[in-house]
Amino acid sequence: MKPLDDAFFHRDCLEVAPALVGKLLVRQLPDGSLRRVRITETEAYRGEEDRACHASKGRTKRTELLYGESGIIYIYLCYGMHWLMNVITGEPDQPQGVLFRAAADYTGPGKLTKYLQLDGACNGKPLQPETGIWVEDDGFVPELITKPRVGIDYAGPEWAAKPWRFVLKP
DNA sequence: TTAGTGATATCC
DNA sequence: GATATCACTAAA
């Protein structure tokens, strides 16, 4: 089993997001122990035209990462207490990414990062073993269901309704 | 349903 | 420097 390489993430987020569901998210904790969880839910955020994407309001210091190379982790502190983990996908200069929304029993993006002990220290680093967090493919082929994205009503009904949330069928 | 929390962006 | 906003969770 090998970590996913950059080519995996160097695709459109609408391809990467469903492809990540069912994969194993692996985290090496500071004490050296490993945690493996199967990814059960992701969401795609695609481009400046997607008003739910952080980069939709233009390129800033914070969203700069979204315009960068694919395979880079973008971690964002939301509501002052929850870290949400994204990975950058697609071509440079095209802001898009995939949000890791849930894995196995750890439903909810905030709980997921808490369990994996992720925080801003990983922001801007590659999703690779050298960073202490990566994704493996064990050959499991999941059944997926798609749903509208969550918590982005502010983006307007036409964007909130997009079926860009990918969930592992139970 | 509501409170809590802090980084970011945007406005003085 | 000040405020408004937010891809959430837990407690009720």
Side-chain angles (χ1 to χ4, degrees), chain A residues 8-9 11-23 25 27 35 37-127 131 133-135 142 144-168 170:
Chain A
F8 182 90
F9 299 103
R11 295 185 287 164
D12 193 285
C13 62
L14 291 178
E15 290 185 45
V16 178
L20 277 173
V21 176
K23 298 287 187 291
L25 183 63
R27 163 68 166 159
R35 281 178 176 175
V37 286
R38 192 170 304 281
I39 299 166
T40 56
E41 197 170 336
T42 62
E43 279 182 17
Y45 288 85
R46 191 171 194 272
E48 288 177 342
E49 58 176 15
D50 181 359
R51 297 220 299 116
C53 178
H54 281 169
S56 66
K57 290 173 188 156
R59 193 166 177 156
T60 67
K61 188 178 178 184
R62 171 172 140 201
T63 58
E64 186 74 25
L65 276 174
L66 292 169
Y67 293 82
E69 282 192 49
S70 50
I72 296 296
I73 300 168
Y74 170 54
I75 275 200
Y76 166 68
L77 184 64
C78 182
Y79 296 99
M81 34 185 118
H82 306 295
W83 292 101
L84 307 199
M85 188 179 82
N86 306 247
V87 61
I88 311 305
T89 66
E91 300 291 328
D93 295 326
Q94 186 189 359
Q96 55 169 256
V98 175
L99 166 69
F100 289 84
R101 193 153 236 303
D105 297 328
Y106 302 93
T107 54
K111 283 185 183 172
L112 177 66
T113 51
K114 185 181 174 189
Y115 167 68
L116 295 176
Q117 299 182 23
L118 289 167
D119 58 25
C122 293
N123 196 32
K125 296 189 177 177
L127 189 63
T131 309
I133 178 141
W134 67 97
V135 177
L144 301 187
I145 35 184
T146 57
K147 296 186 175 184
R149 292 179 289 178
V150 171
I152 52 165
D153 292 343
Y154 68 92
E158 66 268 37
W159 287 107
K162 296 273 182 199
W164 287 358
R165 174 175 170 220
F166 303 93
V167 184
L168 182 68

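Below, chain A is the first sequence line, B the second, and so on; all start at residue 1. Because the structure is a prediction, the values reported are computed rather than measured.
Here OG1 of A:Thr63 is found 8.5 Å from CD of A:Glu48. Values are rounded to the nearest 0.5 Å. Between the CH2 atom of A:Trp159 and the CZ atom of A:Arg46 there is a distance of 8.5 Å, given to the nearest 0.5 Å.
Side-chain proximity of A:Arg62 to B:dT8, B:dT5, B:dA7: nearest is B:dT8.
What separates CG of A:Leu84 from P of B:dT5 is a distance of 18 Å, to the nearest Å. Here the P atom of nucleotide B:dT8 and the OH atom of A:Tyr76 are 9 Å apart, to the nearest Å. When the C1' atom of C:dA10 is taken as reference, atom OH of A:Tyr115 falls 21 Å away, rounded to whole Å. Rounded to an integer number of Å, the gap from NZ of A:Lys57 to P of C:dT5 is 10 Å. Rounding to whole angstrom units, CG of residue A:Leu77 and P of C:dT5 are separated by 18 Å. Separating the CE atom of A:Met85 from the C1' atom of C:dC8 is a distance of 16 Å, rounded to the nearest angstrom. Atoms CG (A:Leu112) and P (C:dT9) sit 10 Å apart, rounded to a whole Å. Rounded to whole angstrom, the span from the OH atom of A:Tyr79 across to the C1' atom of B:dA3 amounts to 13 Å.
Using a 4.0 Å heavy-atom criterion, one finds that A:Lys111 contacts the sugar-phosphate atoms exclusively. Residue A:Arg149 is classed as having no contact, given no heavy-atom separation below 4.0 Å to the nucleic acid. Nucleic acid contact for A:Ile152: sugar-phosphate only, since backbone atoms but no base atoms lie under 4.0 Å from a heavy atom of the residue.
For A:Asp105 and A:Lys111, the salt-bridge test fails: no basic side-chain N is under 4.0 Å from an acidic carboxylate O.
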| field | A:Glu43 and A:Arg149: CA distance, side-chain angles, deciding distance, salt bridge (charged side-chain N to carboxylate O under 4.0 Å, His left out) verdict | value | CA-CA 7 Å; A:Glu43 279 182 17; A:Arg149 292 179 289 178; 5.2 Å; no
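Between A:Tyr74 and A:His54, the ring planes are perpendicular. Angles over 60° get that label, and only those under 30° would be called parallel.
Heavy-atom minimum distance, A:Trp134 versus A:Leu127: CB-O, 4.0 Å. Taking all atoms of both residues into account, the shortest heavy-atom contact from A:Cys13 to A:Pro18 is O-CD, 4.2 Å.
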| Pair pattern of DNA chain B in dot-bracket, where unpaired bases get dots and | marks partners in another strand, Watson-Crick or G-U under 3.5 angstrom | ||||.||||||.
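Remark on DNA chain C: of its neighbouring residues A:Lys114 and A:Val150, the 5'-side contact belongs to A:Val150, judged by nearest-heavy-atom nucleotide.
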